[in-house]
Structures are given as structure tokens and as C-alpha cells.
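Can you keep this structure in mind? I'll have questions shortly.
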Amino acid sequence: MTDPTTALHFPPDFVWGVSTSAFQIEGAADVDGKGPSIWDSFCRQPGAIADASDGRVACEHYQRWADDLDLIQSLGVNAYRFSVSWPRVQATGQGAWNEAGLAFYDRLVDGMLARGLQPHLTLNHWDLPQALQDRGGWANRETVDHFVEYALGIQRRLGDRLASLCTHNEPWVVAVLGHQNGVFAPGLKDEALALQVSHHLLLSHGRALKALRAAGAKEKLGIVLNLAPTHPATPSAADKARAVLEDGRLLRWYMDPLCQGRYPVDLWLDLGGKAPKMHDGDLAEIRQPLDFLGVNYYSRSVQSADKPWDPKAAGKEVSEMGWEVYPEGLTELLLRLHRDYPQVPSLWVTENGGAFPDPWIDGRVQDEARTRYLQRHIAAVHAAKLEGVPVDAYMVWSLLDNFEWSSGYAKRFGIVHVDYETQQRTPKDSARWYRQFLAAQSKGA
Ligand code: FCB
């Protein structure tokens with residue numbers, strides 16, 4: 001198959017990266033003063049994780065970080081997106097700082113700079129300190145101010161060397177999967193609570209940005225959302241109405257307050273008693289200028305009024321997660337974000353990738369489906385750029401096979417294979433392709 005990226009040129013300052021998150025790779029769950037996170041607890045709930053695994057060892061990145069940075073550098077990317085484990089740097093989420101934890105991220109950031117990699121840091125990739133959950137977690141308004149303190153502590157220690165800082169990764173996932181469907185930590189099932197959580201996440205984002213700017217932060221500040229275009233399964237009025245509603249819940253519920261300082265009126269009116277409790281001034285606080293919006297894109301969302309739409313049954317190509325491969329949705333999404341939210345000066349694809357079969361053939365992981373997926377999505381980013389959308393970064397999810405939340409270790413998203421028995425890393429064919437592609441870009445080929 002021909003490679004759709006062959007003739008494409010991106011600007012020399014385009015940010016190319018790989019993404020990971022702390023809980024999914026670090027392991028070292030209780031060493032050097034790290035406190036437990038809600039994911040450490042959630043993994044112990046019977047049936048919560050498909051293969052009954054946990055994050056105690058994961059990819060041993062806490063020990064192997066230097067080799068992992070060498071690996072990242074060898075790909076030829078210029079950026080690395082990682083997250084800080086809050087309970088590693090502040091065991092209970094408030095009060096005393098854990099020097100050993102801070103020192104780890106200090107070394108990691110210096111290690112990136114030494115290898116020519118821009119550090120892109122995420123504060124909350126879901127591993128909230130369990131001690132804060134014991135006091136209500138994100139449903140408790142006090143967590144907002146603990147988060148601001150955490151943000152300021154990280155800024156004091158690392159801020160001078162960061163390219164960017166992101167408050168939250170995918171608040172929709174924390175709210176809906178964590179507090180409404182109960183399939184992610186903390187495993188609660190309460191829609192009103194989930195809405196309150198989404199409000200507190202947004203408020204903590206805005207308050208943290210304000211505090212970071214007041215503290216003189218120079219790195220780019222933003223947030224990362226999981227977004228998708230939402231389509232009706234059929235042209236029926238019922239499916240169309242359902243698609244509008246779900247688009248509201250996924251995209252407008254976050255983008256409108258962030259950029260316009262209000263929740264979408266149609267959704268708010270529907271909520272009745274479930275609407276989140278707000279204080280005067282909350283919406284103004286949430287709407288802080290974003291230096292960038294991170295977009296995590298995997299697939300589109302297709303909505304049907306009567307039963308969930310099944311892409312496989314509809315004859316679509318799907319990944320091992322059962323997600324439809326739909327690259328044109330990324331172009332559509334970027335165009336729409338730029339049109340509806342022109343306040344955002346720079347859009348970054350902060351995650352994109354897939355779980356695909358990893359056949360070992362002749363001593364190599366020949367993951368053609370993943371390579372093809374990356375090629376088609378990078379071409380989709382280029383198409384949006386040609387239409388004038390300011391997309392300035394693309395980062396692959398993920399560097400390594402890792403702990404894929406409730407799927408455990410069974411689903412592999414890495415462009416580098418991890419043998420969990422030996423911790424050996426082996427770049428897959430997709431990593432080799434990415435390296436070649438980036439080498440050609442840097443030569444202006
Ligand atoms: C995203 C998460 C990331 C990873 C990918 C597959 O929702 O941000 O940690 O699990 O999905």
C-alpha cells in the first residue's frame with residue numbers, strides 16, 4: 001500500500017512527539033515515599049481490570065527512564081509528553097512535598113533537555129492521590145485548591161525547563177468513565193456526581209492557569225481533551241438528535257466553558273436537579289486564555305437512538321479496542337474546532353494511535369496496521385493544515401506498550417514492544433517507519 005505521507009511537508013518547527021502517562025509506565029508504586037493513587041486502589045477491586053493486573057511494575061520506567069529517553073531520542077522526535085504522578089510528589093495530595101519524587105522528575109526533565117527533547121508535562125493523567133479521594137476526590141470542591149497548590153509546586157521545581165504544561169488529560173474520561181459508568185477509577189456510578197466532577201476539573205484548570213501565570217510561568221499552558229466528530233448512525237431525526245446531544249456531552253460541555261465562559265444552554269436545561277453546583281465567578285475563572293488545546297483522537301463517535309452502533313457489524317475497519325479506524329474524522333474535528341473556537345491559537349494532537357495485532361515475523365514486530373493508521377492520521381493532520389487550521393504538534397500514543405487501564409496489559413498501543421517478563425524494549429515496524437518519516441521531514445525531503 002502506498003504511504004499517504006510520502007509527499008507531505010510539515011514546517012521545520014512542527015512538534016513531533018510520543019506520549020505516555022505516569023501510572024501506565026512507571027511502576028514503583030510504593031517506593032521512595034510515593035503514596036497510593038486511586039488507580040492503585042481501583043486495580044484491587046475484583047473484576048475492575050480485564051486481566052486482573054495492576055500498575056505496580058508496569059514498564060519499570062521509574063528505574064529505566066534514562067534508557068527510555070535514549071529510545072525516544074533515537075526515533076528522531078523533538079518532543080516527549082509525559083505526566084507527573086501527583087502522589088509520587090505529594091503522597092497525600094496536600095502538605096509535605098516528597099523530595100525523592102520531585103528529584104525523579106527533575107532528572108527526567110534534564111534528561112530530555114540533554115537529548116534535545118522538549119518536555120511537555122501533564123499534571124493530571126488520572127492518578128489522583130487516594131488520600132484526596134478519601135475526602136471525596138474531584139467531587140469535593142476542596143480538591144480544586146489542592147490541585148492549584150500541586151500545580152504551583154511543580155511549576156516552582158520544573159517550570160523553568162518545560163515547553164508546556166497541561167492541567168488535565170481528558171476530563172470527560174475522569175467524570176464519565178470514573179464517576180458515571182464506574183469502569184475507571186474511582187469506580188463510582190452517579191451521573192450528578194460526574195457532572196459535579198466535570199465542573200471541578202474545569203474550575204481547577206482555570207484557577208491553576210491563573211495562578212501559574214501570576215507566578216510568572218513562561219511555558220505554554222493548556223488542557224487536553226478526548227474529542228471526536230459525532231455522526232448520526234442513520235439520517236433519521238431521532239439519530240440526528242442523539243448525535244447533537246452526545247456531541248454536546250463530549251465536546252461542547254468542555255469547549256464552551258473553556259472558550260466562551262458558559263455551559264451549553266441546551267444541555268444545562270436538560271439536566272434539572274443534576275446540574276453541577278457553581279459559585280459566582282466560577283465560569284469567569286474557567287475561561288482563561290489557552291496557549292494550546294491538546295486533542296486526543298482515536299476514532300469518531302456514531303450515535304443511534306435505539307442501540308449502540310457497532311462499527312464491526314457495519315463492516316468498518318476496527319482496532320483491537322473495537323474502535324473504528326476513521327482518519328478523515330481528525331481533519332473534520334480540527335476544522336470544526338478552529339471554526340467554532342477561534343480563541344484557541346494552537347491545536348496539538350497530543351494522542352493518536354491504536355492497539356493492533358503485533359505479529360513477530362523474522363525477529364521483527366511487523367505491525368502494518370498500526371503503521372498504516374499513523375500514516376493516514378498524519379496525512380489527516382496535514383489536510384487540516386492546508387485548510388488553514390493552526391495545528392502545530394502531533395504525538396503518537398504511545399511510546400511503549402503499557403498498562404491500558406481497565407484493559408490491563410492485554411491491549412498494546414506501543415510503537416515499541418515491551419516484553420513484560422524481561423522488560424526488553426523492541427521497536428516495532430511502526431517505530432522504524434516513524435523514524436524514517438521524521439528523518440525525511442528534517443531533511444525537507
Ligand atoms: C486515552 C488515554 C491514554 C490511553 C489511550 C489509549 O484515553 O489518555 O492514557 O489509555 O486513551
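Counting starts at 1 for both ligands and their atoms, in listed order. We count residues from 1, following the sequence as given.
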- prompt: How about Gln423: does its CD atom have over 12 heavy atoms from other parts shown lying under 6.0 Å from it?
  reply: yes
query: Does Lys411 pair with Glu320 as a salt bridge, N-O distance under 4.0 Å?
result: no
message: A quick test of your reading: do over 12 heavy atoms of other residues, nucleotides or ligands sit less than 6.0 Å from CZ of Arg435?
response: yes
Just distance, no hydrogens or angles: give the donor-acceptor pairs under 3.5 Å from side chains in residues 46-58, sequence neighbours left out.
unit_1 : atom_1 : unit_2 : atom_2 : d
Asp51  : OD1    : Ser53  : N      : 3.2
Asp51  : OD1    : Ser53  : OG     : 2.5
Asp51  : OD2    : Tyr409 : N      : 2.8
Asp54  : OD1    : Arg56  : N      : 3.0
Asp54  : OD2    : Arg56  : NE     : 3.0
Asp54  : OD2    : Arg56  : NH2    : 2.7

Arg81: which of Thr20, Asn169, Thr350 passes side-chain hydrogen bond (donor to acceptor under 3.5 Å, both in side chains): Asn169
- request: Assert yes or no for the condition that the ring centre distance of Tyr394 to Trp348 is strictly below 6.0 Å.
  value: no
Just the distances, no angles: every ligand 1 N or O to protein N or O pair closer than 3.5 Å, one line each.
unit_1   : atom_1 : unit_2 : atom_2 : d
ligand 1 : 7 (O)  : Glu170 : OE1    : 2.5
ligand 1 : 7 (O)  : Glu170 : OE2    : 3.0
ligand 1 : 8 (O)  : His125 : NE2    : 3.3
ligand 1 : 8 (O)  : Asn169 : ND2    : 2.9
ligand 1 : 8 (O)  : Glu170 : OE1    : 3.4
ligand 1 : 8 (O)  : Glu170 : OE2    : 3.4
ligand 1 : 8 (O)  : Glu351 : OE1    : 3.1
ligand 1 : 8 (O)  : Glu351 : OE2    : 3.0
ligand 1 : 9 (O)  : Gln24  : OE1    : 2.8
ligand 1 : 9 (O)  : His125 : NE2    : 2.8
ligand 1 : 9 (O)  : Trp405 : NE1    : 3.0
ligand 1 : 10 (O) : Gln24  : NE2    : 3.4
ligand 1 : 10 (O) : Glu404 : OE1    : 2.8
ligand 1 : 10 (O) : Glu404 : OE2    : 3.2
ligand 1 : 10 (O) : Trp405 : NE1    : 2.9

